[in-house]
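What follows is a short report on a single structure.
Keep in mind it's a predicted model, so treat the numbers as computed, not measured. Throughout, residue positions are numbered sequentially from 1 according to the sequence presented.
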Amino acid sequence: MAGFLSRICEKVKYGIQWSWTYLWTVWFVLVIFVVYILRGPLKLSENISYATMFLNTLTPKFYVALTGTSSLISGLILIFEWWYFKKYGTSFIEQVSLNHISPLLGGGEGNTTEGNTNTTNNANQQQSMPECKVWRNPLNLFRGAEYQRFTWATGKDPLTYYDMNLSAQDHQTFFTCETDAGKPEYEIMQRAWRERNPQARIKAAQEALEKNPECTTATILIAEEESTTILEAEKLFKQAYKTAEGNYRKSQQTQHQSSIHEAQHRRDTNVIVYIKRRLAMCARKLGRTREAVKMMRELQKEFPMLNLFNIHENLIEALLELQAYADVQAVLAKYDDISLPKSATICYTAALLKARAVADKFSPDIASKRGLSTSEMTAVEAIHRAVEFNPHVPKYLLEMKSLLLAPEHILKRGDSEAIAYAFFHLQHWKRVEGALNLLHCTWEGTFRMIPYPLEKGHLFYPYPTCTESADKELLPSFHEVSVYPKKELPFFILFTAGLCSFTALLALLTHQYPEPMGTIVKTVLSWLYLPVSYILEKLEAILPSNLLHQLSRI
């Protein structure tokens, strides 16, 4: 019995919600009609005349006080709304209406649907990821041979101090261990990584080499920062690789003796992987792409568990240069997995491969007439997925925003990652005929698919809200940071600001010109009453007089 009553109550509640959602206009008309019919018993005419007489007896000071009070109240609301928006990024009134009032009126969306179950699970799995974790850029440039050339040409520094400080911390983590204590060359290098001035770092590295010509980390620093060409850097890296390989073999044999030996072997592993990866990047930059691919595959085979440097992203870029799309797909199949962290390289490369199958024949006019084919729909969905992961990339790929040198660290889903990706992959998109055209026609549709508010996400965990501040630290000051989602002022803040300004203006005008303002108010009210009186006259002419008389007697 209780279950039956609860079902009846649910149906009644649903009926009321449905009627309020779709038939509110009917309710409004019925209320107006009833009020009009009962104007006699309710003595509306007399009350209106009394109210008119009362308003006529009011002095201009009352109107000044009324409008001033209204302006004060709306101003207080505006100040509170603005404070709440600056602190939480949303409107308080809007939040209350969405979260509390809208569900009562039946306007709220369901929490989950069967079609979105997988998406929700995927988002929950990735929810634990840190919002604004900074990652090393796997395609970072050489400071001496590339970043320094930009400084010479423009007089601007492409790297921020925050970015360089993160690199210094990385180098201390990768290239130092407890066994270096007491060795003067390694103590000098620990100081060298922390130096802010490039010349001081280079001088310290040269001093370390004087004390020990086989100091591998000192050679790495000179190759990175003093070499003015890629050829010079490659030569120094080859020299460092021989020493690093010998140290690696020695520590490999003694790594199980103690924790200190294990730490030393870990350091030697980081050094040899770093050098070989940089040698592969030198070969890629010098046009020996197949050699670079071979070296990267060897690194992945020798150190399969070492994902510290994200070598697979270097491999993807090199394979795209060779147009070995089948090999790229094989790499993506391994790394584009729900349990692994995503990146712009993975998402946009997957979109590029799917767009490649249909982009050369895609036409927006034809697609709008006949609809999208299955392969075109797959490509568009891949683009939407990539854009949702990092919405900053399309403007760089479509050259709607100017590029700059990629930083040494990136923020995933941020502007810094978009710059790093587009800097190296724009040429690959241009090489696929029609790919940029397909991206141009479809990328903005992503924002219509993501539910409101934009931070909620659709295919990935919610978009981080702290990307702007982190990107400003990573990117140089002369670059205008791309922001998503743009925090536009909510409607209620604009409304209260307009209401406050309007009532304050009315109060001022009423105080200065009381009689003209009274005349204007009466004129406006008479204009507003004209359509109402016209409708009432038509109703009296259409409806039978006896019906109105009977209804008025009820």
Inset, instruction - Begin with the C-alpha distance, continue with both residues' side-chain angles, and end with the deciding distance and a verdict on side chain to side chain contact (heavy atoms under 4.5 Å, CB included) for Leu474 and Leu166. - result: CA-CA 10 Å; Leu474 290 172; Leu166 290 175; 4.0 Å; yes
Legend entry - Backbone N/O of Lys342 and side chain of Lys412: donor-acceptor pair under 3.5 Å: yes
Inset, instruction - Give a yes/no verdict on a cation-pi contact between Arg278 and Phe142, requiring under 6.0 Å between NZ or CZ and the six-membered ring centre and an angle within 45° of the axis. - result: yes
Inset, instruction - Please confirm whether the backbone N or O of Asp415 pairs with a side-chain atom of Asp471, one donor and one acceptor, at under 3.5 Å? - result: yes
Inset, instruction - Output yes when a side-chain donor or acceptor of Ser416 lies under 3.5 Å from a complementary backbone atom of Leu411, and no otherwise. - result: yes
Inset, instruction - Report yes or no: does Lys401 contribute a side-chain atom to a donor-acceptor pair with the main-chain N or O of Glu480 at less than 3.5 Å? - result: yes
Inset, instruction - Kindly compute the distance separating CG (Leu279) from CG (Leu236), expressed to the nearest 0.5 Å. - result: 10.5 Å
Inset, instruction - Go through the steps for Arg290 and Lys294 under the test side chain to side chain contact (heavy atoms under 4.5 Å, CB included), then give the verdict. - result: CA-CA 6 Å; Arg290 294 189 183 278; Lys294 181 181 177 183; over 6 Å; no
Inset, instruction - Please tell me if the side chains of Tyr147 and Leu405 come closer than 4.5 Å, counting only heavy atoms from C-beta onward. - result: yes
Legend entry - Side chain Arg201, main chain Ala192, donor-acceptor under 3.5 Å: no
Legend entry - Non-hydrogen side-chain atoms of Leu141 and Phe423 separated by less than 4.5 Å: yes
Legend entry - Pairs flagged by side-chain hydrogen bond (donor to acceptor under 3.5 Å, both in side chains) wherever residues 149-165 is involved - sequence neighbours left out: Asp163-His409
Inset, instruction - Using a cut-off of 6.0 Å, state whether more than 12 heavy atoms not belonging to Glu433 lie near its atom CD. - result: no
Inset, instruction - Would you give the length of the straight line joining atom CH2 of Trp429 to atom CG of Leu352, rounded to the nearest 0.5 angstrom? - result: 5.0 Å
Legend entry - Aromatic centroids of Phe174 and Tyr274 separated by under 6.0 Å: no
Legend entry - Pairwise side-chain contact, Ile220 with Val271, heavy-atom cut-off 4.5 Å (strictly under): yes
Legend entry - Met281 side chain near Asn314 side chain, heavy-atom distance below 4.5 Å: yes
Inset, instruction - Answer yes or no: is there a donor N or O on one side and an acceptor on the other, between the side chain of Asn137 and the main chain of Pro407, under 3.5 Å? - result: yes
Legend entry - Close side-chain approach of Leu332 and Ile346, heavy atoms under 4.5 Å: yes
Inset, instruction - Show the numbers, then the answer: is there a side chain to side chain contact (heavy atoms under 4.5 Å, CB included) between Arg194 and Gln172? - result: CA-CA 9 Å; Arg194 293 192 296 268; Gln172 291 180 74; 3.4 Å; yes
Inset, instruction - Inspect the contact between Lys472 and Glu468 and indicate whether a charged nitrogen and a carboxylate oxygen are less than 4.0 angstrom apart. - result: yes
Legend entry - Closest non-hydrogen atom pair between Trp443 and Pro391, with its separation: CZ3-O, 4.3 Å
Legend entry - Distance in Å, Leu322 CG paired with Arg284 CZ, rounded so as to fall on 0.5 Å steps: 8.0 Å
Inset, instruction - Could you tell me whether a side-chain N or O of Glu245 sits under 3.5 Å from a main-chain N or O of Tyr241, the two making a donor and an acceptor? - result: no
Legend entry - Minimal non-hydrogen separation, Thr289 against Ala318, with atom names: CG2-O, 3.5 Å
Legend entry - Separation of Leu319 CG from Tyr325 OH (nearest 0.5 Å): 11.0 Å
Inset, instruction - Mind listing the closest non-hydrogen atom pair of Ala292 and Ala280 along with its distance? - result: CB-O, 3.2 Å
Legend entry - Nearest-0.5 Å distance, CD1 of residue Ile311 to CG of residue Leu315: 9.5 Å
Inset, instruction - Grab the two heavy atoms, one from Ala351 and one from Ala386, that are nearest each other, plus how far apart they are. - result: CB-CB, 4.3 Å
Legend entry - Considering all heavy atoms, the nearest Val358-Ala379 contact: CG2-CB, 3.9 Å
Legend entry - Verdict with supporting geometry, Thr216 and Ile275, side chain to side chain contact (heavy atoms under 4.5 Å, CB included): CA-CA 10 Å; Thr216 312; Ile275 294 174; 3.6 Å; yes
Inset, instruction - May I ask you to test the Met295-Lys276 pair for a side-chain heavy-atom distance under 4.5 Å? - result: yes
Legend entry - His392 side chain to Glu417 side chain, donor-acceptor N/O pair below 3.5 angstrom: no
Inset, instruction - Salt-bridge test for Glu234 and Arg288: reply yes if a basic N is under 4.0 Å from a carboxylate O, no otherwise. - result: yes
Legend entry - His440 side chain to Leu436 backbone, donor-acceptor under 3.5 Å: no
Legend entry - Residues Thr219, Gln239; criterion side chain to side chain donor-acceptor pair (under 3.5 Å); working and verdict: CA-CA 8 Å; Thr219 308; Gln239 176 183 335; 4.9 Å; no
Legend entry - Aromatic plane relationship, Tyr421 with His425 - under 30° parallel, 30 to 60° tilted, over 60° perpendicular: parallel
Legend entry - Test: Arg431 and Glu321 ion pair at under 4.0 Å: yes
Inset, instruction - May I ask you to test the Asp268-Gln252 pair for a side-chain heavy-atom distance under 4.5 Å? - result: no
Inset, instruction - Answer yes or no: are there more than 12 heavy-atom neighbours, outside Lys285 itself, under 6.0 Å from its atom NZ? - result: yes
Inset, instruction - May I ask you to decide if Gly414's main-chain N or O and Asn390's side chain share a donor-acceptor pair within less than 3.5 Å? - result: yes
Inset, instruction - For residues Glu313 and Ser343, determine if any side-chain heavy atom of one lies less than 4.5 Å from a side-chain heavy atom of the other. - result: yes
Inset, instruction - Under the salt bridge (Lys or Arg N to Asp or Glu O under 4.0 Å) rule, collect the residues that match up with Arg143, sequence neighbours excluded. - result: Glu225, Glu408
Inset, instruction - Considering non-hydrogen atoms only, spot the tightest contact between Ala406 and Ile419 and give its length. - result: CA-CG2, 4.2 Å
Inset, instruction - Mind checking the CZ-OG1 spacing from Arg267 to Thr173? Nearest 0.5 Å is all I need. - result: 12.5 Å
